Structure formats: C-alpha cells, structure tokens
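This report refers to the structure that appears directly beneath it.
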Protein chains: 2
Amino acid sequence: MRGLGYRRNSTARALKTRRTGLIGVVSPGDSTFGPSRMTLAIEEAAREAGYATALSVVRDPDPTSVDEALEFFLDRGIDGIVVIAPVVAMAEAARQISRTVPVVVLASAAEQTPDMQVLGIDQVAGARMAVRHLRQGGRERIAHVCGPEEYHDAQGRIIGWREELRDAGLPLLPLARAGGWSAADGHAAARRVLARKGGDQGGGEAPDAIFAANDHLALGVVQAVREAGLSVPEDVAVVGFDVVDGADFFSPPLTTVRQPFEEAGAAALGALFGAGAGGPDGATVPRVRRGASSGSSRGPSLIQPRLVVRASG
Amino acid sequence: MRGLGYRRNSTARALKTRRTGLIGVVSPGDSTFGPSRMTLAIEEAAREAGYATALSVVRDPDPTSVDEALEFFLDRGIDGIVVIAPVVAMAEAARQISRTVPVVVLASAAEQTPDMQVLGIDQVAGARMAVRHLRQGGRERIAHVCGPEEYHDAQGRIIGWREELRDAGLPLLPLARAGGWSAADGHAAARRVLARKGGDQGGGEAPDAIFAANDHLALGVVQAVREAGLSVPEDVAVVGFDVVDGADFFSPPLTTVRQPFEEAGAAALGALFGAGAGGPDGATVPRVRRGASSGSSRGPSLIQPRLVVRASG
DNA sequence: GGAGAACGCCCTGTCGTGCTT
DNA sequence: AAAGCACGACAGGGCGTTCTC
C-alpha cells in the first residue's frame, strides 16, 4: 500500500519524535564566494545524513541580525545550526544562543566553548605557504595587502605573513589595510604600499613582492604595480588567496592558496551530530576527525589549505 | 506569559494547518555564481513573507537527480518549490512533478504550462545589447564564443547575437562552442576562432570583435587574442556577460552585461505565492508583475539585464 | 500484534457573564 | 424587571505518527 501514493507525513512524525530532521545554516549575504560553497557542501552532507537544510541569510553581520536568524531557526524547531561566521561579530553572536540546540561555527579563529564547537580553515598556515613560496623564490621585501579588520581570515593571514617573515629573518614591512575585498580596494592599498618608496619605519626600499589577502585584491595590486611602471612578476611578485574562478587566466596567472571549502562544510556537519548522536532516523553520522594543527587547545579545529603556484609570483 | 520563554511549536501548528511554512529551492551544484545569488535572494524574499527556505543541491543536473530533490521536498511537506534550472534537463525534470505543490522554474527559456510558471533573465536581449555596443563602436566582424549547448543561457545568447547581426546586416561568423564556462574553455575556443583566418564559409577576414558568453570565457578569449599578437581592444574588442567580481580590474577592464539575479530570485518567490494566496500565516504576498518582453506567450516572463561598458570593447 | 494514548496546536461548540432593549 | 444579545472563557476533538501495553 505504501507503494501507491502513500507518503509518510514528516510533520506528524516530527511532532511525535520531537526532531524535525532539519538543520539550519546561517550564512552572510555579502561576499558569496566561500560561504556559498560551504553552504552547498553542508547541504550535501546533511542530505547524506538524512537531514534537510534550511538557510538564513544575514545581510549585515551584526549581532542583532544573527540573533534574528538564530531565533527564526529555533522557532522552527531546527535540530542543529551551523553558523558561517567570517566576521568576528557573527561568531560572537552565535555564542549567545541557548544551549537547547547544537551549534557549530565555521570560523578560522574564534574561541571554542563546551557548547559551541568551532572549526575552519587554517589561515595562518595558508599565509605562511604563500609567503614561504615568495621567499624561496628569492624575494626579501614582502609586503602584505590585508583585508578588513573585522574578518577572522584577514587577521589570520596577517599573522601568518608576520610569522613567516620573522622566522626567515626578513624585514617586516608596514601593512596596507584594504577597505574591502574587491579589486578596487586592493588597487588603492597597493598604491599606498608602492608610494612609500623608502625612508619610513618599514625599511628603505620598495617591496619586491606583495602578498594580497585574496585574489580580487591581488587583481587590483597587479594593476597598481603596473601603473607604477613595474612588471609582475619580474619587479614585484604577487600572490593571492582563494583560487577564484578565472585566476588561472588573470594576467599573469595568479599564484594563490586553495581553501578546501567543501571539506570544511562537510566537517561542520560531521561535528554537529558527531558525538555519537544519530541522524533524524537514528542512523549514525560519521564524526569528523581532524587534528587541530595550530593555536591553543581552545581554538578551532583547522583544515589545511594548499598553495597553487602559477606565474604571478 | 509568552514573554518568558514560550515559543509556539511550529511542528504542531504545521500538522494542524497542513502548511509547513517551508519552501524548497533546487539549485545546481556547479557554477555557483548565478544560482547562489538567486538562492540568497529567494531566501530573503521568503523570510520577508514568513517562509523558511530549504535547500537541495543537485550535483549532476540529470532528471533523476532533480526528481530525487523534488521527492525529498515533497516528503517534507514543503509548501512550494523554486527550481533554478540553468540547463534544459533540469527544467524538464521539474515539469514531471505532481501538481500537489506550486512550482516555479527559474530559466531563461522553457515552456510554461498552467501548473509550472517559468521566469528568468532575458538572455536574448542581453546578448543584443552586447553586440549592439560592439557594432556601434564600429566593429563589423563580430564572432561569438558560446557556452555549452545544454545551457538555456548559452542558447539565448547565441540567438541574440544572431538577431542583432542580422538586423544590422552584418556577416554571421561561424560559432565557436566552448566546452564549458571556464577561462580555459574560452581560450581554446578563441584560438579556433582566430585560426580560421579567412577563406571559409563565414567570410574572408578575421574578427574584429568577440562576444564571449560569460566573463570567464572572455578572460580566456583576451589571452588568446594576445597570444595571436593582437591587442584588446584595438585589434579585437571583447565583451563578456555576468559582471563577475573583479571584471572591472581585468586587463583590460571588461565590458559585460549585468544580470539582475537578485531581482529574479525575488520575482520567483513572488510568482510562487502570487495568485492571491497568502503567506503561511495568512498575510498576502505581493505578486510580481513584469511584462514578457520577447518570445511566445508560453515562454517565461523575462527580466531585463543591463550593459556595463568598460575598456575591453 | 493490535488497540490506544500522546505529541501541541487550531478550531469548534458550549456555556456563562454582562450589557442592552 | 425580564428577556434577548454579544462576547469571552473553556473544554474537547482531531491532525498522523510513534510507542507502549
């Protein structure tokens, strides 16, 4: 009889079992690149585990908006929540949630507490890979165009850049902070870097390499370098971050760092229901196991990115 | 009393009212650009209307996968479904769904039936804008690097290119079909275009402009043009489609066509519950009204894109 | 193995109260 | 003053499943 047209009513089932089989993903509305890929990965892993995925987009990542998204999910009796939190304010807002439902936060740097797991991609390690590659290519004055302050990833990349320079005994050049993540922002910041020809605190000469905090910034950096009458990579090497679509055909093709977003998304779902808890129908969800590779024991579990070498540096 | 800690159980409510207040979005898993932006827009519009949005990603856009996604939603008692269908197979699979739930398909070309609304962005018009701009800039031999055949958008852009050339009395050059949407695909196709120096059916000379079916393809096209010893835009103008992030800092900055994805997403939601039906709590959802601008009366309602002129053509 | 209770909400029907004519 | 009317409080059944007895 189930063969012809019968379909179990999942609402009644949810009422009785007190599990909706729904998980919520809170995602920032801007910068659709990383977050959207993670969302897709979470959804696929969730479906695999028998869960459906609900989405809630947060336009401005302030605590109230995140709170609203969380409340929205709680009202709908969601079984678990993944918060994609590229900015500090989102991660902090997630911390406020009631302990009634498991929460995992995807962020490269946020303090983990017993009832809020954090995991992300190791930005420090990624930045070090980029800078190490530059330095092994013989560059010695490596500047950094970093992203906006409120982003975990921007901060992590600064730290990695600093650490690698320090360990290599290379001079620490002054930092150029971009106002956003776009090519125009990278262009403006790179002009500032190139303008300070010498004499100031960072050291005497112009940089021979620039590490940009993402590929779009790098695009603007390349442009600025050329406008200064210099060539890439001969005079100034440039490396980016993210492996944006088309980066292999930028001029020149961009050396950059690949972030395993898919892996991070899948790991987030594994972490949500990992502690032996089963799926909505009782099936067991495989728990993610992945060693924390840097940072304190209370920091997030980190996934390693990978360097992609092309012509720009 | 509701003030302190009470929260209405939406599951019980759904059981009684037979409405879950959930809508489903079926989205392709590849090419995350357009679809992901539309998904975000749908979610925001849905939340505005009191609905939550569930997501189901389809990795390979074949009919069985789409069917699975649709079944998945039906099992969960969803109130309506939006299918983002860039490829023909997805739109067709959506047609098979039972009439128990309203469905709207986001596709630039698919036949509309009484129980399946279709709406999308006018690819033909967008392509005509691009080609018209080229021709008004004095170009007369305008080639087209088109996208993979199974994509509605690729087909629409071919039609627009053809129509505009025909109406202007310009020669119709042979088409170069790219194998995908990436820069590498565009590069390969453009090399073929530039290799046929003359003598074949298309006419005697090499093109003085290339309309690429999207910005990534255009990136590869620019590269191929340069490898042929020609310059952009002096020898060969290039225009793209999509206004990808960073396109303003490509070298040269890319002339391209902006698709109002957000508007399309919001319109899809409006169309879902437009016919006087209210939101999950009875509130009325504003219906989208937008004139169909081309095609037969059974074709989709179309939203107009906009040309963005920069240095490449 | 088959009957029945319970999940929490919505909706209907009944009854009681207070006000009007 | 008695009867009618309007409205609010309250109890009960049922949505379709799961789980117990």
Side-chain angles (χ1 to χ4, degrees), chain A residues 1-24 46-56 67-81 97-103 272-273 275-285, chain B residues 1-24 46-56 67-81 97-103 272-273 275-285:
Chain A
M1 64 172 82
R2 307 212 157 200
L4 8 78
Y6 172 74
R7 141 173 295 153
R8 177 168 63 184
N9 182 317
S10 66
T11 307
R13 174 180 232 251
L15 179 62
K16 182 60 189 169
T17 61
R18 310 177 144 281
R19 315 181 67 182
T20 52
L22 258 184
I23 65 149
R47 191 144 35 96
E48 193 80 17
Y51 286 92
T53 303
L55 193 62
S56 187
D67 247 28
E68 272 175 36
L70 260 17
E71 282 298 311
F72 184 70
F73 282 152
L74 255 23
D75 276 348
R76 297 193 113 91
I78 229 114
D79 289 346
I81 300 181
I97 202 178
S98 76
R99 282 97 186 91
T100 50
V101 65
V103 177
L272 241 200
F273 300 113
D281 46 4
T284 314
V285 181
Chain B
M1 67 173 81
R2 308 212 156 201
L4 8 76
Y6 175 74
R7 141 173 295 153
R8 178 167 65 184
N9 184 318
S10 67
T11 307
R13 173 179 232 252
L15 179 61
K16 180 63 187 168
T17 60
R18 311 180 143 280
R19 315 180 68 182
T20 52
L22 258 185
I23 65 149
R47 192 143 36 94
E48 194 80 19
Y51 286 92
T53 304
L55 192 63
S56 188
D67 247 28
E68 274 175 33
L70 261 18
E71 282 298 311
F72 183 70
F73 283 151
L74 256 24
D75 276 347
R76 301 210 83 113
I78 229 116
D79 288 345
I81 299 180
I97 202 177
S98 75
R99 282 94 186 93
T100 50
V101 66
V103 178
L272 240 200
F273 300 112
D281 46 4
T284 316
V285 181

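Each chain gets a letter, A, B and so on, in the order the sequences are listed, and its residues count up from 1. For clarity, every value in this text was computed on a predicted model and none was experimentally measured.
In this entry the distance linking OH of A:Y6 with P of D:dG16 reads 10 Å, nearest Å. With rounding to whole Å, A:K16 atom NZ is found 10 Å from D:dT18 atom P. Put simply, CZ on A:R19 is 11 Å from P on D:dC19, counting in whole angstrom units. B:D75 places its CG atom 12 Å from the P atom of D:dT17, with the value rounded to the nearest Å. For the pair A:R7 CZ and D:dG16 P, the interatomic distance rounds to 15 Å; values are reported in whole Å. The CZ-C1' distance, from A:R8 to D:dG16, rounds to 12 Å in whole Å. Remark: P of C:dC7 and CG of A:N9 are 18 Å apart, rounded to the nearest angstrom. For the pair A:L15 CG and D:dC19 P, the interatomic distance rounds to 13 Å; values are reported in whole Å.
The side chain of B:R13 places no N or O atom within less than 4.0 Å of a non-bridging phosphate oxygen (OP1 or OP2) of D:dC15.
Rounding to the nearest 0.5 Å places CG of A:L55 at 6.5 Å from OG1 of B:T53. Summarising the geometry, atom CZ belonging to A:R76 is positioned 10.0 Å from atom OH belonging to B:Y51; distances are rounded to the nearest 0.5 Å. Rounded to the nearest 0.5 Å, atoms OG1 (B:T20) and CG (B:D79) are 3.5 Å apart. Taken to the nearest 0.5 Å, the CD1 atom of B:I78 stands 5.0 Å off from the CG atom of B:L22.
Considering only the side chain of A:A12, D:dT17 comes nearest among D:dT18, D:dT17, D:dC15.
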